[in-house]
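Below is one structure, written out as structure tokens; the observations come after it.
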Amino acid sequence: MRPADIAKLRSALLDWYDAHARALPWRRPPGSTDRVDPYRVWLSEVMLQQTTVPHATPYFERFTARWPTVSDLAAAEDGDLMAAWAGLGYYARARNLLACARTVARDHQGVFPDTEAGLLELPGVGAYTAAAVAAIASDRPANVVDGNVERVVARLFAVETPLPAARPELRRLAGSLVADDRPGDWAQALMDLGSTVCRPRWPLCLMCPISGFCAARATGEPDRYPVKTKKAAKPHRRGIAWVLRDAGGRVALVRRPDKGLLGGMLGLPTGDWREGPPDETPPIEAGWTDAGAVEHVFTHFSLTLWVRVAEGAGDYLWRPEAEALAALPTVFRKALVRSGIA
DNA sequence: CATACGTGGCA
DNA sequence: TTGCCAAGTAT
């Protein structure tokens with residue numbers, strides 16, 4: 001695109017953003033010129049990784065109320081933080097969040113780095129998050145490329161290369177639009193446009209401030225972009241969750257290993273989850289009764305989790321039912337709820 | 001470059 | 001019902 005057109009496109013999108021920016025709790029209020037708190041920007045960006053705004057928002061409110069600064073977060077107990085993250089998914093984010101907060105508190109005196117390169121060194125901060133925090137919190141002209149930006153750029157330039165192979169090309173094209181003027185607003189304008197106007201399905205081209213520059217719009221089939229390669233079907237696995245209650249109605253939980261699926265989270269005792277018949281080995285001998293099954297879908301497989309219930313004792317983390325429900329990842333919440341129906 | 005890693009909403 | 005999609009990162 002010619003430099004003069006880039007300038008017009010940028011101006012049109014920034015004007016649109018001034019009029020239509022979404023009000024979100026991690027943004028400065030409309031009209032304010034206050035600097036945004038890098039801690040809140042970072043926290044919101046981590047929560048928003050592969051996660052919708054409506055899902056992340058209540059978590060953001062609870063986290064910032066409970067841990068107002070990065071140093072407060074750094075001082076949190078691991079179990080408290082993991083429980084607060086329960087239900088948000090991608091639990092490696094929570095482990096990295098704590099590691100990152102402690103690094104910033106210990107090695108950077110509680111102050112986030114103000115450069116992209118410095119941010120990139122932190123745990124759980126990759127190319128996207130480093131660029132986003134640098135742009136939004138420190139006015140750095142960083143090339144912020146997330147799924148929204150990829151889609152907007154793929155349409156703007158009618159990129160025929162399918163994702164994920166197109167990623168380097170889309171990144172280069174997005175970079176060609178970055179300038180020193182209002183870097184944080186530019187990044188958020190592109191992402192807002194992508195989520196509200198240049199949507200994956202049924203893009204609202206009539207509402208789009210840059211449709212005049214859009215090659216996909218000119219083809220008449222803007223929603224054909226970005227072109228994607230088809231994904232393989234998920235395998236289906238089966239397993240059993242063992243719900244053991246003591247005489248006081250408390251539930252037996254285990255802490256899962258730090259690595260792997262639901263790593264570091266509390267869970268119900270469970271055997272292997274396999275594509276064949278489920279692992280029937282109970283964790284202890286007891287009078288187990290069948291409580292049916294729950295269905296759950298993970299990123300790379302789906303699961304039928306059978307639920308079996310018994311009363312007993314043993315070397316577990318015993319938690320009251322309500323506390324267990326609050327701290328468990330969703331798949332085990334479903335199983336625990338199911339166990340009470342039987 | 002491929003794979004592992006959650007969850008909920010939507011058509 | 002099924003598949004796709006959402007402000008990605010680590011290995």
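Order of the sequence lines fixes the chain letters, A, B, ..., with proteins taken first and strands second; residue numbering starts at 1 for each chain. Quantities reported herein were computed from a predicted structural model and do not represent experimental measurements.
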Is there a side-chain contact between A:His55 and the phosphate of C:dA6, meaning an N or O under 4.0 Å from OP1 or OP2?
no
Over 12 foreign heavy atoms within 6.0 Å of CH2, A:Trp273
yes
Between B:dG6 atom C1' and A:Phe332 atom CZ, what is the distance in whole Å?
12 Å
Side chain of A:Val331 - closest among B:dT7, C:dC5, C:dT9
B:dT7
Base, sugar-phosphate, or nothing for A:Arg22, non-hydrogen atoms under 4.0 angstrom?
base
Stepwise side chain to side chain donor-acceptor pair (under 3.5 Å) test for A:Glu45 and A:Thr129:
CA-CA 6 Å; A:Glu45 292 299 343; A:Thr129 304; 5.7 Å; no
Checking all strands, does A:Pro54 fall into the base, sugar-phosphate, or nothing category for heavy-atom contacts under 4.0 angstrom?
nothing
B:dC5 phosphate, OP1 or OP2, under 4.0 Å from A:His300 side-chain N/O:
yes
d(CH2, A:Trp85; P, B:dC5) in whole Å:
17 Å
Candidate nucleotides B:dG6, B:dT7, B:dA2, ranked by approach to the side chain of A:His296 - the nearest:
B:dT7
Heavy atoms under 4.0 Å, any strand shown: does A:Leu190 hit a base, just sugar-phosphate, or nothing?
nothing
Check every strand shown and say whether A:Ala233 touches a base, only sugar-phosphate, or nothing at a heavy-atom separation below 4.0 Å.
nothing
Rounded to whole angstrom units, what separation is found between the CD atom of A:Gln50 and the P atom of B:dA4?
16 Å
Contacts of A:Lys259 and A:Pro168 projected onto DNA chain B by closest heavy atom; the upstream (5') one is A:Pro168
Could you tell me whether A:Arg27 contacts a base, only the sugar-phosphate backbone, or nothing, with contacts defined as non-hydrogen atoms closer than 4.0 Å?
base
Are any of A:Arg95's side-chain N or O atoms less than 4.0 Å away from OP1 or OP2 of C:dT9?
no
Whichever of A:Trp26 and A:Ala232 has the more 5' nearest nucleotide on DNA chain C, that residue is A:Ala232
Using atom P in both nucleotides, what's the gap between C:dA6 and B:dC5 to the nearest angstrom?
22 Å
Let me know, please, whether A:Thr52 or A:Ala130 comes out on the 5' side of the other along DNA chain C by nearest nucleotide.
A:Thr52
Under 4.0 Å from OP1 or OP2 of B:dT7: is there any side-chain N or O of A:Thr51 that close?
no
Taking atom types as modelled, is there a side-chain donor on A:Arg93 or A:Gln49 under 3.5 Å from an acceptor on the other?
no
Roughly how many Å apart are B:dT3 and C:dC4, using the P atom of each and rounding to a whole number?
16 Å
Check: A:Thr299 side chain, B:dG6 base, donor-acceptor under 3.5 Å
yes
Hey, can you tell me if A:Trp67 and A:Phe63 have their rings parallel, tilted or perpendicular (30° and 60° cut-offs)?
perpendicular
Compare side-chain N and O positions of A:Thr330 against OP1 and OP2 of B:dG8 and report whether any pair is under 4.0 Å apart.
yes
To the nearest angstrom, the CG-C1' distance between A:Leu303 and B:dC5 comes to 15 Å
With a 4.0 Å cut-off on heavy atoms, is A:Thr129 in touch with a base, just the backbone sugar-phosphate, or nothing at all?
sugar-phosphate
Name all pairs fulfilling the side-chain hydrogen bond (donor to acceptor under 3.5 Å, both in side chains) condition that reach into residues 29-44 of chain A, sequence neighbours left out, sorted by first residue then second.
none
Going by distance alone, is a donor N or O of one side chain under 3.5 Å from an acceptor N or O of the other, for A:Arg237 and A:Thr304?
no
What nucleic acid atoms does A:Gly263 come within less than 4.0 Å of, heavy atoms only: base, sugar-phosphate, or nothing?
nothing
What nucleic acid atoms does A:Val297 come within less than 4.0 Å of, heavy atoms only: base, sugar-phosphate, or nothing?
base
OP1 or OP2 of B:dT7 versus the side-chain N and O atoms of A:Tyr91: is any pair under 4.0 Å?
yes
Separation between the P atoms of B:dG8 and C:dT9, rounded to whole Å
22 Å
Nearest whole Å is fine: how far is C:dC5 C1' from A:Trp202 CH2?
17 Å
Regarding A:Asp15 and A:Arg10, does a basic nitrogen lie under 4.0 Å from an acidic carboxylate oxygen?
no
Tell me whether the side-chain N/O atoms of A:Gln49 come closer than 4.0 Å to OP1 or OP2 in C:dG8.
no
Quick one: label A:Pro123 by what it contacts on the DNA or RNA (base, sugar-phosphate, nothing), any heavy atom closer than 4.0 Å.
sugar-phosphate
For A:Gly87, which contact category applies under a 4.0 Å heavy-atom criterion: base, sugar-phosphate, or nothing?
sugar-phosphate
Expressed in angstrom and rounded to an integer, what is the separation of A:Leu328 atom CG from B:dT7 atom C1'?
15 Å
By the 4.0 Å heavy-atom rule, please label A:Val125 as base, sugar-phosphate, or nothing.
sugar-phosphate
Checking all strands, does A:Leu88 fall into the base, sugar-phosphate, or nothing category for heavy-atom contacts under 4.0 angstrom?
base
Using atom NZ of A:Lys231 as one end and atom C1' of C:dC5 as the other, report the distance to the nearest whole Å.
7 Å
Is the shortest side-chain N to carboxylate O distance from A:Glu221 to A:Arg155 below 4.0 Å?
no
Whether the side chain of A:Tyr90 and the base of B:dG6 hold a donor-acceptor pair under 3.5 Å is what I'd like checked.
yes
Measure from CG on A:Asp146 to P on C:dC5 and round the result to the nearest Å.
15 Å
